[in-house]
2 protein chains.
Amino acid sequence: MTNAMFLILIVEDDAELRSILRTLLESNQYRVVEAATGERGIIEARGHRPDLIIADLGLPDMEGARLIGEVRAYSPVPILVLSARTMESEKIRALDVGADDYVTKPFSAPELLARVRAALRRATRGSDTLPLLNFGRVAVDLGARTTMGPVGEVHLTPLEYRVLECLARRVGMIVTQKQLIRDAWGPERMGDTRGLRSYIKTLRQKLEPDPGRPRYLVTEAGVGYRLRVDEAAAER
Amino acid sequence: MTNAMFLILIVEDDAELRSILRTLLESNQYRVVEAATGERGIIEARGHRPDLIIADLGLPDMEGARLIGEVRAYSPVPILVLSARTMESEKIRALDVGADDYVTKPFSAPELLARVRAALRRATRGSDTLPLLNFGRVAVDLGARTTMGPVGEVHLTPLEYRVLECLARRVGMIVTQKQLIRDAWGPERMGDTRGLRSYIKTLRQKLEPDPGRPRYLVTEAGVGYRLRVDEAAAER
DNA sequence: GATTTTTTTCACACCTTCCTCACACCACCC
DNA sequence: GGGTGGTGTGAGGAAGGTGTGAAAAAAATC
């Protein structure tokens with residue numbers, strides 16, 4: 001599969017940065033469309049149906065969150081958010097309404113490309129079956145709700161599966177604590193992270209090879225959690 | 001077998017989404033009927049006898065669960081549920097009353113098509129093959145309704161076979177208590193788990209090598225039960 | 001109608017799941 | 001160095017679901 005199959009929409013008001021991004025992506029064989037404003041971005045997204053959207057949060061004409069919400073209403077296309085380090089709350093907000101990942105400015109080329117690859121991988125990978133997760137020694141089949149370890153089956157409780165499933169739906173992407181709590185517990189419980197923390201712990205204990213040093217279920221401090229998969233296991 | 005054999009009923013109030021669905025399905029050679037309300041949906045389902053129903057849960061005129069219940073009362077047609085919320089409770093509810101699968105909005109075209117294919121495949125391959133179950137020392141032939149143990153035949157009552165059959169239809173997967181009660185006793189009895197618990201007990205007594213420590217007929221606390229098969233017996 | 005089988009019901013002990021709490025820890029900032 | 005906010009940890013307890021044995025009720029059989 002070649003990168004030329006992928007069309008990426010860049011929504012960025014700064015002309016210079018826009019140009020840098022285009023050059024970087026095109027030199028990696030991605031096809032690129034640009035939009036200088038949020039308004040244009042929404043239109044281009046509808047028109048071109050890109051495979052990935054890279055959107056700056058600091059747009060002059062609209063809140064970044066609005067752009068994301070509009071697109072999310074009809075499409076699951078991965079959205080990568082560019083944010084300045086000072087806009088922490090804005091960033092979390094963007095993730096909450098459906099962005100997939102963020103890159104803080106200034107960023108390095110390899111970093112951005114890695115995020116782009118990860119996001120595209122998530123989108124293209126088997127949407128037909130709930131994924132089989134591979135945690136080194138432990139394998140989780142979310143569809144059948146079975147978890148096999150080296151010494152037989154590992155038992156997960158309903159809520160544990162629910163939390164894991166929320167993370168698995170966006171493998172490799174960030175899931176905010178809000179999203180996790182809302183999806184696993186329900187909106188009433190929003191803001192109460194105690195339960196979540198407990199469940200992350202037991203999940204690590206049951207799944208991670210070394211629970212003290214999480215390798216797959218990693219913390220994104222101040223934001224949420226991210227489920228990583230082995231590169232080898234990701235391709236098939 | 002061509003897709004044109006299949007008639008799909010879409011029950012969706014949002015005209016735009018309805019149109020998207022129609023286009024998507026028709027471009028894959030499916031035949032399509034539409035209904036804008038739940039009331040219409042029930043009528044169309046009775047009239048056209050579709051091979052698959054795609055129903056939005058968030059209908060304006062009735063609970064999604066009611067639509068499913070009405071249809072399920074007279075037909076085993078596969079029902080695919082569209083859900084805006086990612087909320088588990090909604091989905092569990094839908095599956096409990098008889099939906100076959102769910103897709104959360106927003107969804108991608110390949111994802112929906114994959115679910116449609118899977119649902120139709122499940123429906124067409126019918127209930128022909130009732131598997132031979134192997135419980136270590138006891139073997140059950142559900143088709144012939146015979147159960148052989150180490151010391152001759154073991155006798156199972158009609159209801160015992162029925163409960164076991166429900167579990168066997170979904171070997172390896174979790175079957176909720178509600179599903180079991182609905183399929184073995186009928187919808188009137190839903191919510192009353194006493195009988196089920198009794199039958200699980202006797203089934204274990206008759207089939208398990210060590211009834212105190214279930215190995216094949218295992219409990220999924222808070223959800224239901226699952227029938228596990230031996231590794232060796234699983235492959236064939 | 002009597003006997004046997006099957007199904008339903010009940011109460012209680014037991015176990016799992018889930019929630020909660022207090023505190024240790026870590027990174028970062030002043 | 002001492003905050004400060006967020007996260008990880010272990011243990012305890014409440015709530016509710018599940019297993020159990022036996023006995024009553026219903027249905028099937030002779």
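The figures that follow rest on heavy atoms only: side chains count, while hydrogens, waters and symmetry mates do not. Source: prediction; values computed, not measured. Per chain, numbering begins at 1; letters A, B, ... match sequence-line order.
Distance Ile200(A) CD1 to dG6(D) P: 17 Å, rounded to the nearest Å. Atom CG in Leu156(A) sits roughly 11 Å away from atom P in dC18(C) (whole-Å rounding). Atom pair Asp192(B):CG and dA11(C):C1' shows a separation of 15 Å (rounding to whole Å applied). Rounded to whole angstrom, the span from the CG atom of Leu203(B) across to the P atom of dT6(C) amounts to 13 Å. For the pair Leu180(B) CG and dG17(D) C1', the computed distance is 16 Å after rounding to whole Å. For Ile174(B) and dT18(D), the CD1 to C1' distance is 15 Å, given to the nearest whole Å. To the nearest angstrom, P of dG8(D) lies 11 Å from CD of Glu208(A). Put simply, OH on Tyr161(A) is 11 Å from P on dT17(C), counting in whole angstrom units.
You'll find a donor-acceptor pair under 3.5 Å spanning the side chain of Ser198(A) and the base of dT20(C), going by distance alone.
Salt-bridge formation is not detected for the pair Asp56(A)/Arg18(A): no Lys NZ or Arg NE/NH1/NH2 atom is positioned less than 4.0 Å from an Asp or Glu carboxylate oxygen. The residues Asp100(B) and Arg72(B) are annotated as salt-bridged, a charged nitrogen and a carboxylate oxygen being separated by less than 4.0 angstrom.
The side-chain contact (heavy atoms from CB on, under 4.5 Å) with Leu82(A) is formed by just one residue from the set Thr104(A), Leu112(A), Leu57(A); it is Leu112(A).
Of all nucleotides listed (dC18(C), dG8(D), dT20(D)), dT20(D) comes nearest to the side chain of Lys201(B). Considering only the side chain of Thr219(A), dT7(D) comes nearest among dT8(C), dT7(D), dC18(C).
Positionally, the nearest nucleotide of DNA chain C for Pro158(B) lies more toward the 5' end than for the other of Pro158(A) and Pro158(B). Between Tyr225(B) and Tyr225(A), the residue anchored nearer the 5' end of DNA chain D, judged by the nucleotide with its closest heavy atom, is Tyr225(A). The nearest heavy atom of DNA chain C to Ala221(B) and to Arg162(B) marks one nucleotide each, and the one closer to the 5' end goes with Arg162(B).
Between Gln205(A) and dG8(D) there is no side-chain N or O to OP1 or OP2 distance below 4.0 Å. The phosphate of dT18(D) (OP1 or OP2) has a side-chain N or O of Gln177(B) nearer than 4.0 angstrom. Considering only side-chain N and O atoms, Trp185(B) lies nowhere under 4.0 angstrom from the phosphate OP1 or OP2 of dT7(C). His155(B) has no side-chain polar atom (N or O) that falls below the 4.0 Å cut-off from OP1 or OP2 of dT5(C). For dT20(C), one of the phosphate oxygens OP1 or OP2 lies less than 4.0 angstrom from a side-chain nitrogen or oxygen of Arg189(A). At the phosphate of dT9(D), neither OP1 nor OP2 sits under 4.0 Å from any side-chain N or O atom of Arg197(A). At least one side-chain nitrogen or oxygen of Thr157(B) sits closer than 4.0 Å to the OP1 or OP2 atom of dT7(C). Checking the phosphate oxygens (OP1, OP2) of dC19(C), no side-chain nitrogen or oxygen of Arg194(A) falls inside 4.0 Å.
Under 3.5 Å, the side chains of Thr147(B) and Tyr161(B) contain a donor-acceptor pair of N or O atoms.
Contact between Ile174(A) and Gln179(A) at its shortest, heavy atoms only, is O-OE1, 4.3 Å. Scanning both residues, Arg226(A) and Met173(A), for their nearest heavy atoms gives CG-O, 3.3 Å.
Within the nucleic acid shown, Glu160(A) has no heavy atom closer than 4.0 Å to any nucleic acid atom.
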